[in-house]
Amino acid sequence: MADAHVSPAKYVWIWVWLAGLMLLGVALSEWPILPLPRPMIVLTVLGLSTVKAVLVAWYYMHLKFDRRWLIGVAAFPLLLLALAVLLGLSSVLVKL
Amino acid sequence: MSDAHAVSASHESATGIPSNKLGVWLFLASEIMFFAGLIGAYLFLRMSHPAWPGPEGHLSVPIGTANTFILICSSMTMVLAYAEMQRGRQTEAQRYLLLTALLGSAFLGVKAYEYSAKFHHGIFPKTNVFWSCYFTLTGFHALHVLGGIITNLYFWIQARRGRLTVSNAYYLELSGLYWHFVDIVWIFLFPLLYLI
(Lines give C-alpha, C1' and ligand atoms only; values in the text may rest on other atoms or scores of the structure.)
Protein backbone atom coordinates (compact mmCIF):
# COMPACT_ATOMS: atom_id res chain seq x y z
CA MET A 1 0.00 0.00 0.00
CA ALA A 2 2.60 2.39 -1.18
CA ASP A 3 0.29 5.34 -1.71
CA ALA A 4 -1.34 5.39 1.72
CA HIS A 5 -0.14 8.95 2.27
CA VAL A 6 -1.60 10.38 -0.92
CA SER A 7 -4.68 12.43 -0.20
CA PRO A 8 -7.78 12.06 -2.37
CA ALA A 9 -7.42 15.77 -3.17
CA LYS A 10 -4.18 14.97 -5.00
CA TYR A 11 -6.04 12.47 -7.19
CA VAL A 12 -8.68 15.09 -7.97
CA TRP A 13 -5.97 17.56 -8.98
CA ILE A 14 -4.50 14.98 -11.36
CA TRP A 15 -7.98 14.56 -12.84
CA VAL A 16 -8.21 18.35 -13.36
CA TRP A 17 -4.88 18.26 -15.23
CA LEU A 18 -5.98 15.29 -17.32
CA ALA A 19 -9.22 17.01 -18.33
CA GLY A 20 -7.41 20.29 -19.02
CA LEU A 21 -4.76 18.64 -21.20
CA MET A 22 -7.49 16.74 -23.07
CA LEU A 23 -9.32 20.00 -23.85
CA LEU A 24 -6.04 21.66 -24.86
CA GLY A 25 -5.34 18.82 -27.30
CA VAL A 26 -8.82 19.11 -28.80
CA ALA A 27 -8.50 22.90 -29.11
CA LEU A 28 -5.07 22.70 -30.76
CA SER A 29 -6.24 20.16 -33.33
CA GLU A 30 -9.62 21.74 -34.09
CA TRP A 31 -8.83 25.47 -34.14
CA PRO A 32 -5.79 27.36 -35.53
CA ILE A 33 -4.61 28.57 -32.14
CA LEU A 34 -0.91 27.97 -32.76
CA PRO A 35 0.65 29.24 -36.01
CA LEU A 36 2.39 25.92 -36.62
CA PRO A 37 2.42 23.53 -39.59
CA ARG A 38 0.10 20.53 -39.29
CA PRO A 39 2.87 17.99 -38.52
CA MET A 40 3.98 20.09 -35.56
CA ILE A 41 0.39 20.29 -34.29
CA VAL A 42 0.14 16.49 -34.60
CA LEU A 43 3.37 16.04 -32.61
CA THR A 44 2.17 18.51 -29.96
CA VAL A 45 -1.18 16.72 -29.55
CA LEU A 46 0.53 13.34 -29.27
CA GLY A 47 2.99 14.87 -26.80
CA LEU A 48 0.06 16.04 -24.66
CA SER A 49 -1.32 12.49 -24.77
CA THR A 50 2.04 11.18 -23.58
CA VAL A 51 2.01 13.62 -20.66
CA LYS A 52 -1.51 12.44 -19.73
CA ALA A 53 -0.44 8.79 -19.93
CA VAL A 54 2.56 9.48 -17.69
CA LEU A 55 0.35 11.29 -15.16
CA VAL A 56 -2.03 8.29 -15.03
CA ALA A 57 0.81 5.77 -14.72
CA TRP A 58 2.79 7.88 -12.21
CA TYR A 59 -0.01 8.78 -9.82
CA TYR A 60 -3.08 6.59 -10.48
CA MET A 61 -1.04 3.41 -11.13
CA HIS A 62 1.32 4.37 -8.27
CA LEU A 63 4.54 3.98 -10.24
CA LYS A 64 5.81 7.01 -8.32
CA PHE A 65 5.69 4.97 -5.11
CA ASP A 66 6.78 1.60 -6.50
CA ARG A 67 10.17 0.07 -7.02
CA ARG A 68 12.02 1.81 -9.81
CA TRP A 69 12.56 -1.29 -11.89
CA LEU A 70 8.79 -1.80 -12.13
CA ILE A 71 8.91 1.24 -14.40
CA GLY A 72 11.22 -0.85 -16.58
CA VAL A 73 8.57 -3.58 -16.82
CA ALA A 74 6.13 -0.97 -18.10
CA ALA A 75 8.64 0.81 -20.33
CA PHE A 76 10.28 -2.23 -21.95
CA PRO A 77 7.41 -2.92 -24.39
CA LEU A 78 7.43 0.77 -25.31
CA LEU A 79 11.14 0.55 -26.12
CA LEU A 80 10.41 -2.43 -28.36
CA LEU A 81 7.66 -0.41 -30.02
CA ALA A 82 10.05 2.49 -30.60
CA LEU A 83 12.55 0.07 -32.12
CA ALA A 84 9.90 -1.42 -34.40
CA VAL A 85 8.77 2.04 -35.53
CA LEU A 86 12.37 3.08 -36.23
CA LEU A 87 12.96 -0.10 -38.25
CA GLY A 88 9.73 0.48 -40.13
CA LEU A 89 10.59 4.10 -40.83
CA SER A 90 14.08 3.15 -41.97
CA SER A 91 12.62 0.65 -44.45
CA VAL A 92 10.31 3.39 -45.77
CA LEU A 93 13.25 5.78 -46.10
CA VAL A 94 15.34 3.16 -47.91
CA LYS A 95 12.55 2.69 -50.46
CA LEU A 96 12.45 6.46 -51.01
CA MET B 1 -11.35 -14.31 -0.95
CA SER B 2 -10.50 -15.55 2.54
CA ASP B 3 -8.07 -13.73 4.80
CA ALA B 4 -5.60 -16.62 4.52
CA HIS B 5 -5.65 -16.32 0.77
CA ALA B 6 -5.41 -12.55 1.01
CA VAL B 7 -2.30 -12.78 3.16
CA SER B 8 -0.58 -15.26 0.86
CA ALA B 9 -1.52 -13.21 -2.20
CA SER B 10 0.15 -10.11 -0.81
CA HIS B 11 3.51 -11.77 -0.13
CA GLU B 12 6.43 -10.01 -1.69
CA SER B 13 8.48 -11.84 -4.28
CA ALA B 14 12.29 -11.86 -4.46
CA THR B 15 11.99 -8.59 -6.37
CA GLY B 16 10.47 -6.84 -3.36
CA ILE B 17 7.21 -6.42 -5.23
CA PRO B 18 4.12 -8.47 -4.27
CA SER B 19 3.83 -11.42 -6.64
CA ASN B 20 0.28 -10.63 -7.68
CA LYS B 21 1.16 -7.02 -8.46
CA LEU B 22 4.20 -8.10 -10.46
CA GLY B 23 1.98 -10.58 -12.29
CA VAL B 24 -0.53 -7.89 -13.21
CA TRP B 25 2.25 -5.60 -14.44
CA LEU B 26 3.71 -8.38 -16.61
CA PHE B 27 0.22 -9.02 -17.97
CA LEU B 28 -0.10 -5.32 -18.72
CA ALA B 29 3.28 -5.39 -20.46
CA SER B 30 1.92 -8.07 -22.81
CA GLU B 31 -1.19 -5.94 -23.31
CA ILE B 32 0.97 -2.96 -24.19
CA MET B 33 2.63 -5.13 -26.85
CA PHE B 34 -0.80 -6.14 -28.17
CA PHE B 35 -2.07 -2.59 -28.56
CA ALA B 36 1.33 -1.34 -29.69
CA GLY B 37 1.15 -3.80 -32.59
CA LEU B 38 -2.34 -2.61 -33.56
CA ILE B 39 -1.51 1.08 -33.20
CA GLY B 40 1.82 0.61 -35.00
CA ALA B 41 0.04 -1.06 -37.94
CA TYR B 42 -2.46 1.82 -37.99
CA LEU B 43 0.33 4.41 -38.05
CA PHE B 44 2.15 2.74 -40.95
CA LEU B 45 -1.05 2.33 -42.95
CA ARG B 46 -1.84 5.96 -42.31
CA MET B 47 1.62 7.20 -43.30
CA SER B 48 1.37 5.33 -46.59
CA HIS B 49 -1.89 7.16 -47.45
CA PRO B 50 -1.27 10.96 -47.59
CA ALA B 51 -4.98 11.82 -47.86
CA TRP B 52 -5.91 9.62 -44.89
CA PRO B 53 -8.70 9.21 -43.84
CA GLY B 54 -10.44 11.54 -46.31
CA PRO B 55 -13.88 13.12 -45.94
CA GLU B 56 -15.55 9.70 -45.66
CA GLY B 57 -13.56 8.98 -42.52
CA HIS B 58 -15.18 11.65 -40.37
CA LEU B 59 -15.66 10.98 -36.66
CA SER B 60 -17.54 13.24 -34.24
CA VAL B 61 -14.96 15.10 -32.13
CA PRO B 62 -17.53 16.27 -29.50
CA ILE B 63 -18.70 12.69 -28.95
CA GLY B 64 -15.12 11.41 -28.79
CA THR B 65 -14.19 14.20 -26.37
CA ALA B 66 -17.16 13.41 -24.14
CA ASN B 67 -16.24 9.73 -24.10
CA THR B 68 -12.62 10.55 -23.25
CA PHE B 69 -13.82 12.72 -20.39
CA ILE B 70 -16.01 9.86 -19.13
CA LEU B 71 -13.02 7.51 -19.07
CA ILE B 72 -10.79 10.08 -17.34
CA CYS B 73 -13.49 10.51 -14.67
CA SER B 74 -13.68 6.73 -14.25
CA SER B 75 -9.92 6.57 -13.65
CA MET B 76 -10.29 9.10 -10.85
CA THR B 77 -13.21 7.25 -9.22
CA MET B 78 -11.24 3.99 -9.46
CA VAL B 79 -8.22 5.37 -7.64
CA LEU B 80 -10.50 7.05 -5.09
CA ALA B 81 -12.24 3.71 -4.46
CA TYR B 82 -8.86 2.19 -3.61
CA ALA B 83 -7.85 5.16 -1.46
CA GLU B 84 -11.11 5.04 0.50
CA MET B 85 -10.87 1.26 0.96
CA GLN B 86 -7.33 1.71 2.32
CA ARG B 87 -8.74 4.12 4.89
CA GLY B 88 -11.42 1.61 5.87
CA ARG B 89 -14.24 3.76 4.50
CA GLN B 90 -16.28 0.90 3.06
CA THR B 91 -19.36 2.81 1.97
CA GLU B 92 -17.42 5.47 0.06
CA ALA B 93 -15.19 2.85 -1.55
CA GLN B 94 -18.20 0.85 -2.72
CA ARG B 95 -19.81 4.01 -4.08
CA TYR B 96 -16.72 4.97 -6.09
CA LEU B 97 -16.33 1.40 -7.35
CA LEU B 98 -19.92 1.27 -8.58
CA LEU B 99 -19.50 4.73 -10.13
CA THR B 100 -16.43 3.47 -11.99
CA ALA B 101 -18.40 0.56 -13.44
CA LEU B 102 -21.27 2.91 -14.39
CA LEU B 103 -18.90 5.35 -16.10
CA GLY B 104 -17.33 2.45 -17.99
CA SER B 105 -20.81 1.34 -19.05
CA ALA B 106 -21.57 4.89 -20.19
CA PHE B 107 -18.40 4.82 -22.30
CA LEU B 108 -19.55 1.58 -23.93
CA GLY B 109 -23.03 3.05 -24.43
CA VAL B 110 -21.62 6.03 -26.31
CA LYS B 111 -19.41 3.71 -28.33
CA ALA B 112 -22.45 1.55 -29.19
CA TYR B 113 -24.27 4.71 -30.32
CA GLU B 114 -21.33 5.62 -32.56
CA TYR B 115 -21.20 2.12 -34.02
CA SER B 116 -24.94 2.03 -34.72
CA ALA B 117 -24.76 5.45 -36.43
CA LYS B 118 -21.95 4.17 -38.68
CA PHE B 119 -23.84 0.98 -39.49
CA HIS B 120 -26.94 3.06 -40.25
CA HIS B 121 -24.89 5.00 -42.81
CA GLY B 122 -23.65 1.80 -44.40
CA ILE B 123 -20.17 2.01 -42.86
CA PHE B 124 -18.71 -1.33 -41.82
CA PRO B 125 -15.21 -2.68 -41.12
CA LYS B 126 -14.96 -3.83 -44.74
CA THR B 127 -15.76 -0.34 -46.10
CA ASN B 128 -12.11 0.72 -46.37
CA VAL B 129 -8.78 0.48 -44.53
CA PHE B 130 -9.55 3.40 -42.23
CA TRP B 131 -12.79 1.88 -40.99
CA SER B 132 -11.12 -1.54 -40.64
CA CYS B 133 -8.56 0.10 -38.36
CA TYR B 134 -11.22 2.10 -36.50
CA PHE B 135 -13.43 -0.87 -35.72
CA THR B 136 -10.48 -3.12 -34.87
CA LEU B 137 -8.82 -0.63 -32.49
CA THR B 138 -11.98 0.60 -30.80
CA GLY B 139 -13.54 -2.89 -30.77
CA PHE B 140 -10.62 -4.48 -28.95
CA HIS B 141 -10.47 -1.51 -26.59
CA ALA B 142 -14.21 -1.82 -25.87
CA LEU B 143 -13.74 -5.51 -25.04
CA HIS B 144 -11.06 -4.51 -22.54
CA VAL B 145 -13.39 -1.91 -21.02
CA LEU B 146 -16.07 -4.60 -20.69
CA GLY B 147 -13.56 -6.87 -18.92
CA GLY B 148 -12.73 -4.04 -16.52
CA ILE B 149 -16.41 -3.35 -15.79
CA ILE B 150 -17.05 -7.03 -14.99
CA THR B 151 -13.99 -7.12 -12.71
CA ASN B 152 -15.04 -3.95 -10.89
CA LEU B 153 -18.60 -5.17 -10.45
CA TYR B 154 -17.26 -8.44 -9.04
CA PHE B 155 -15.20 -6.53 -6.47
CA TRP B 156 -18.15 -4.25 -5.74
CA ILE B 157 -20.27 -7.32 -4.92
CA GLN B 158 -17.46 -8.72 -2.77
CA ALA B 159 -17.21 -5.40 -0.91
CA ARG B 160 -20.99 -5.32 -0.40
CA ARG B 161 -20.78 -8.80 1.15
CA GLY B 162 -17.98 -7.68 3.43
CA ARG B 163 -15.37 -9.88 1.76
CA LEU B 164 -13.33 -6.98 0.46
CA THR B 165 -12.07 -4.84 3.29
CA VAL B 166 -9.07 -2.78 4.30
CA SER B 167 -7.12 -6.02 4.93
CA ASN B 168 -7.24 -7.02 1.26
CA ALA B 169 -7.73 -3.61 -0.32
CA TYR B 170 -4.80 -4.25 -2.64
CA TYR B 171 -7.17 -6.30 -4.82
CA LEU B 172 -8.64 -2.97 -5.79
CA GLU B 173 -5.19 -1.68 -6.65
CA LEU B 174 -4.69 -4.65 -9.00
CA SER B 175 -8.08 -4.08 -10.61
CA GLY B 176 -7.25 -0.38 -10.81
CA LEU B 177 -3.96 -1.06 -12.61
CA TYR B 178 -5.91 -2.76 -15.37
CA TRP B 179 -8.56 -0.03 -15.49
CA HIS B 180 -5.98 2.76 -15.74
CA PHE B 181 -4.17 0.86 -18.48
CA VAL B 182 -7.43 0.76 -20.47
CA ASP B 183 -7.70 4.53 -19.90
CA ILE B 184 -4.14 5.09 -21.16
CA VAL B 185 -4.85 3.12 -24.34
CA TRP B 186 -7.83 5.38 -25.04
CA ILE B 187 -5.75 8.47 -24.27
CA PHE B 188 -3.75 7.57 -27.39
CA LEU B 189 -6.59 6.16 -29.51
CA PHE B 190 -8.67 9.33 -29.16
CA PRO B 191 -6.22 11.76 -30.83
CA LEU B 192 -5.06 9.17 -33.37
CA LEU B 193 -8.59 8.38 -34.59
CA TYR B 194 -10.54 11.58 -33.91
CA LEU B 195 -8.17 14.53 -33.85
CA ILE B 196 -5.19 14.19 -36.18
Side-chain angles (χ1 to χ4, degrees), chain A residues 1-4 6-8 10-19 21-23 25-26 28-30 38-39 41-57 59-63 66-67 69-78 80-82 84-85 88-89 91-92, chain B residues 10 15-17 21-22 25-26 28-37 39-41 43-44 47-48 61-62 64-65 68-69 71-73 75-80 82-84 86-87 92 96 166 169-170 173 176-181 183-192 194-196:
Chain A
M1 297 183 192
D3 67 330
V6 177
S7 70
K10 181 86 172 179
Y11 292 134
V12 176
W13 265 113
I14 299 299
W15 170 76
V16 170
W17 273 99
L18 290 173
L21 290 171
M22 177 199 71
L23 290 175
V26 172
L28 285 175
S29 63
E30 291 299 298
R38 188 67 187 168
I41 295 290
V42 168
L43 284 177
T44 306
V45 171
L46 289 179
L48 288 174
S49 290
T50 305
V51 172
K52 283 189 286 179
V54 169
L55 280 175
V56 171
Y59 289 99
Y60 286 1
M61 297 174 88
H62 310 134
L63 275 182
D66 276 318
R67 301 245 171 183
W69 75 268
L70 198 56
I71 299 171
V73 173
F76 182 67
L78 299 177
L80 289 179
L81 172 67
V85 169
L89 284 175
S91 67
V92 170
Chain B
S10 65
T15 61
I17 298 168
K21 188 172 186 175
L22 183 59
W25 267 108
L26 289 173
L28 292 184
S30 71
E31 288 281 85
I32 293 171
M33 295 296 287
F34 174 74
F35 278 103
I39 293 173
L43 288 176
F44 277 105
M47 280 191 294
S48 59
V61 173
T65 305
T68 306
F69 184 69
L71 220 49
I72 287 173
C73 290
S75 255
M76 181 188 64
T77 54
M78 184 75 227
V79 78
L80 286 175
Y82 174 54
E84 297 291 6
Q86 275 188 313
R87 288 165 173 77
E92 288 80 1
Y96 280 126
V166 67
Y170 63 88
E173 184 183 23
L177 285 176
Y178 177 78
W179 190 259
H180 300 310
F181 163 77
D183 183 24
I184 286 177
V185 171
W186 185 257
I187 280 174
F188 285 102
L189 287 185
F190 171 58
L192 286 173
Y194 289 77
L195 298 182
I196 60 178

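Note on naming: letters A, B, ... go to the chains in the order of the sequence lines (proteins, then strands), and numbering restarts at 1 for each one. Nothing here was measured: the structure is a model prediction, and the numbers come from that model. Hydrogens, waters and symmetry mates are skipped; everything else that's a heavy atom, side chains included, is used.
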What distance separates D66(A) CG from L177(B) CG, expressed to the nearest 0.5 Å?
8.0 Å

Could you check which of L70(A), L18(A), V73(A) has the highest count of heavy-atom pairs closer than 4.5 Å to chain B?
L70(A)

In terms of heavy-atom pairs under 4.5 Å with chain B, which of A19(A), S49(A), A57(A) leads?
S49(A)

Heavy-atom side-chain contact between I196(B) and I41(A) under 4.5 Å
no

Can you tell if the side chain of Y60(A) reaches within under 4.5 Å of the side chain of M78(B), non-hydrogen atoms only?
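No. Closest side-chain heavy atoms not under 4.5 Å.
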
Which atom pair, heavy atoms only, marks the closest approach of [X] to [Y]?
X       : Y      : value
L195(B) : R38(A) : O-NH2, 3.1 Å
R87(B)  : P8(A)  : NH2-CD, 3.8 Å
I32(B)  : P77(A) : CG2-CB, 3.7 Å

Which atoms of [X] approach chain B - backbone, side chain, both or neither, heavy atom under 4.5 Å:
X      : answer
V45(A) : side chain
L63(A) : side chain
M61(A) : both

Please classify the contact between F190(B) and chain A as side chain, backbone, both or neither, with a heavy-atom cut-off of under 4.5 Å.
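Side chain only.
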
Heavy-atom cut-off 4.5 Å, strictly under: side chain, backbone, both or neither for L28(B) against chain A?
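Interface part for L28(B): side chain.
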
Would you sort out whether I72(B) and V56(A) count as a side chain to side chain contact (heavy atoms under 4.5 Å, CB included), showing the intermediate values?
CA-CA 9 Å; I72(B) 287 173; V56(A) 171; over 6 Å; no

